[in-house]
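In what follows, a structure is listed as structure tokens, so that the remarks can point back to it.
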Amino acid sequence: MSGSPVLLNKHEVERLLSYDDLIPRLESVMAKFSKRDSSEIIQPVRSVVPIQQHSGFLGVMPAYLAAEGILCTKMVTFYQRAEGSSLPSTQATVLLFHPEHGNVTAIMDGEAITAKRTAAVSAISAKLFKPALSEVLCILGSGQQARSHYDVFTKLFKFKEEAVIGADVIVTATGASQPILFAEWVKPGAHIAAVGACRPDWRELDDVLMREAVVYVDSREGATAESGDIILSGAEVFAELGEVLNGCFPAQREKTTVFKSLGMGIQDAVSAKLVLEKWNSEH
Ligand SMILES: NC(=O)C1=CN([C@@H]2O[C@H](COP(=O)(O)OP(=O)(O)OC[C@H]3O[C@@H](n4cnc5c(N)ncnc54)[C@H](O)[C@@H]3O)[C@@H](O)[C@H]2O)C=CC1
Ligand SMILES: O=C(O)C1=NCCCC1
């Protein structure tokens with residue numbers, strides 16, 4: 001029944017996880033999450049342990065998806081690194097468990113999962129909220145998340161050039177703790193996928209932008225507990241991505257929209273299950 005867990009390194013996880021497989025699973029699980037049926041999905045808000053002495057954090061992100069038979073947790077550290085540091089600022093490991101027996105079935109690298117699932121969720125937000133004619137993409141940041149966002153956005157959509165002023169879609173994927181994107185730079189109707197600033201006192205977007213835009217989030221509970229951009233600006237959350245996917249709230253494409261991403265355990269859980277399924281199909 002139990003056997004040894006499958007061990008998968010970053011290279012294998014990257015190879016096994018494709019955006020084509022991932023995007024429909026993420027859409028489906030986020031829509032389901034937004035129905036708040038605890039007999040279907042249990043996903044508490046991430047527990048975060050500050051490691052003040054070293055400017056870091058440890059996050060634990062469990063999730064149980066009953067119908068899919070997925071029991072999972074990610075452990076993720078994120079550090080504010082000095083410019084030029086060779087260490088990744090986000091590092092993670094994902095564990096899958098057998099929901100019936102409780103044994104660990106797989107232990108896999110979580111960096112590739114975090115990079116791909118976060119970018120894929122932002123791409124889902126762009127599909128829903130970007131202006132009908134979107135030609136200019138701007139990505140602020142040049143780290144792991146910036147790279148995965150560049151990969152999936154240029155795979156799914158056709159953009160001509162990169163810039164801030166005049167951009168139709170802007171991704172902020174930085175380690176900033178103060179605003180780096182200001183309302184006055186943003187073209188009316190643009191869509192912003194805001195991926196960084198995942199602490200209650202960190203910012204990427206300024207107050208005016210947050211208050212004037214229509215704000216979507218991945219999880220209302222996560223956003224109101226962890227997002228400095230939401231808490232400190234006093235901006236109202238209009239809807240979860242899943243509530244739009246469910247048809248309960250509209251996608252206000254014609255307005256300036258912000259998708260504030262914090263990351264969710266269920267996103268890691270469906271990603272890890274996909275990786276394990278792919279691996280099993282090859283062995
Ligand atoms: N929403 C989500 O699900 C997730 C969010 N994150 C967050 O996304 C952000 C980016 O993560 P990674 O790409 O892994 O980090 P990284 O360290 O690889 O890249 C960070 C980038 O931000 C830039 N940067 C730092 N401070 C800046 C500032 N004040 N102004 C402009 N640029 C600045 C750095 O030069 C670097 O290019 C982090 O805040 C991280 O915590 C990470 C994983 C998942
Ligand atoms: O969802 C995640 O994974 C993370 N979110 C914000 C901080 C780094 C990891």
Side-chain angles (χ1 to χ4, degrees), residues 10-31 33 74 76 78 88-90 92 94 108-164 167-175 181 190-198 204 216-219 240-242 244-245 251 253 257-275 277-278:
K10 184 173 180 182
H11 174 74
E12 284 175 296
V13 173
E14 247 161 21
R15 181 180 70 78
L16 294 165
L17 193 57
S18 79
Y19 286 117
D20 290 341
D21 292 336
L22 189 52
I23 287 172
R25 296 264 180 124
L26 287 168
E27 285 175 336
S28 155
V29 77
M30 292 185 73
F33 173 82
K74 181 167 84 176
V76 57
F78 51 107
S89 50
T90 308
V94 177
M108 62 184 80
D109 166 81
E111 262 180 70
I113 285 181
T114 304
K116 286 196 170 179
R117 64 74 153 145
T118 308
V121 170
S122 296
I124 295 167
S125 84
K127 264 206 287 181
L128 294 168
F129 308 129
K130 73 177 169 49
L133 178 64
S134 288
E135 294 190 319
V136 181
L137 167 68
C138 164
I139 299 178
L140 298 178
S142 56
Q144 275 193 117
Q145 287 295 338
R147 286 192 293 276
S148 58
H149 279 71
Y150 179 83
D151 289 344
V152 70
F153 275 67
T154 52
K155 177 176 157 61
L156 254 57
F157 314 117
K158 292 207 180 330
F159 291 104
K160 285 184 179 161
E161 58 178 291
E162 298 172 20
V164 176
D168 301 297
V169 176
I170 303 169
V171 173
T172 56
T174 74
L181 182 64
H191 173 59
I192 298 127
V195 169
C198 297
E204 281 191 314
Y216 298 87
V217 296
D218 43 13
S219 141
E240 288 182 349
L241 211 56
V244 178
L245 292 165
R253 256 182 204 282
T257 49
V258 168
F259 168 58
K260 178 59 222 152
S261 161
L262 275 312
M264 299 170 76
I266 54 167
Q267 299 163 357
D268 302 310
V270 295
S271 307
K273 183 71 184 307
L274 257 177
V275 169
E277 280 172 9
K278 271 276 171 75

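Nothing fancy with the numbering, it's 1 onward along the sequence.
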Problem set entry | Side chains of Leu137 and Phe157 in contact at under 4.5 Å (non-hydrogen atoms) | no
Exercise. Looking just at side-chain N and O atoms, do Ser271 and Asp268 make a donor-acceptor pair shorter than 3.5 Å?
Worked result: no
Problem set entry | Minimum heavy-atom distance Lys260-Val195, with the two atoms named | NZ-C, 3.9 Å
Exercise. Does any non-hydrogen side-chain atom of Leu22 lie less than 4.5 Å from one of Leu274?
Worked result: yes
Exercise. Taking the side chain from Ser148 and the backbone from Gln145, do they hold a donor-acceptor pair closer than 3.5 Å?
Worked result: yes
Problem set entry | Closest heavy-atom pair and its distance - Tyr19, Ala120 | CD2-CB, 4.0 Å
Exercise. Under 3.5 Å, is there a donor-acceptor pair between the side chain of Asp218 and the main chain of Gly263?
Worked result: yes
Problem set entry | Salt bridge flag under 4.0 Å for residues Glu277 and Arg25 | yes
For this session: Mind listing the closest non-hydrogen atom pair of Pro131 and Ala190 along with its distance?
Result: CG-CA, 4.3 Å
Seminar exercise, completed: Sorted by chain and residue number, the side-chain hydrogen bond (donor to acceptor under 3.5 Å, both in side chains) partners of Gln267 (sequence neighbours excluded) come out as Arg117
Exercise. Would you find a donor on one side and an acceptor on the other, under 3.5 Å apart, between the side chain of Ser134 and the backbone of Lys130?
Worked result: no
Exercise. So Ile113 and Leu17, side chain to side chain contact (heavy atoms under 4.5 Å, CB included) or not? Walk me through it.
Worked result: CA-CA 8 Å; Ile113 285 181; Leu17 193 57; 4.1 Å; yes
Problem set entry | Step-by-step side chain to side chain contact (heavy atoms under 4.5 Å, CB included) determination, Thr257 to Ile192 | CA-CA 6 Å; Thr257 49; Ile192 298 127; over 6 Å; no
Problem set entry | Nearest atoms (heavy-atom pairs only) where Arg253 meets Ala126 | NH1-O, 4.5 Å
Exercise. Under the side chain to side chain contact (heavy atoms under 4.5 Å, CB included) criterion, do Glu111 and Val76 qualify, and how do the steps go?
Worked result: CA-CA 9 Å; Glu111 262 180 70; Val76 57; over 6 Å; no
Exercise. Taking the six-membered ring where the residue is Trp, are the ring centres of Phe129 and Phe259 under 6.0 Å apart?
Worked result: no
Exercise. Are Glu204 and Thr174 linked by a side-chain donor-acceptor pair shorter than 3.5 Å?
Worked result: yes
Problem set entry | Nearest-0.5 Å distance that lies between atom CZ in Arg147 and atom CD in Gln144 | 6.5 Å
Exercise. Stepwise, does the side chain to side chain contact (heavy atoms under 4.5 Å, CB included) test hold for Met30 with Met264?
Worked result: CA-CA 9 Å; Met30 292 185 73; Met264 299 170 76; 4.0 Å; yes
Exercise. Would you call Glu27 and Lys127 a salt bridge, taking side-chain N to carboxylate O under 4.0 Å as the test?
Worked result: yes
Seminar exercise, completed: Correct closest heavy-atom pair for Ala119 and Val152 would be O-CG1, 3.5 Å
Problem set entry | Spatial distance of atom SG (Cys138) from atom CZ (Phe159) [nearest 0.5 Å] | 10.5 Å
Problem set entry | Pairing of Lys160 and Asp168 as salt bridge, 4.0 angstrom limit | no
Problem set entry | From OG (Ser125) to NE2 (His191), nearest 0.5 Å | 3.0 Å
Problem set entry | Considering all heavy atoms, the nearest His149-Ile139 contact | C-CD1, 4.2 Å
Problem set entry | Asp109/Lys10 ion pair, N-O < 4.0 Å | no
Exercise. If only atom types and distance count, is the side chain of Thr118 paired as donor or acceptor with the main-chain N or O of Thr114 below 3.5 Å?
Worked result: yes
For this session: With salt bridge (charged side-chain N to carboxylate O under 4.0 Å, His left out) as the test, would you mind laying out the steps for Asp151 and Lys116 before giving the verdict?
Result: CA-CA 9 Å; Asp151 289 344; Lys116 286 196 170 179; over 6 Å; no
For this session: Quick one: pull up CD1 in Ile124 and CG in Leu245 and give me the separation to the nearest 0.5 Å.
Result: 7.0 Å
For this session: Supply the atom-to-atom distance Phe33 CZ to Ile266 CD1, rounded to the nearest 0.5 angstrom.
Result: 5.5 Å
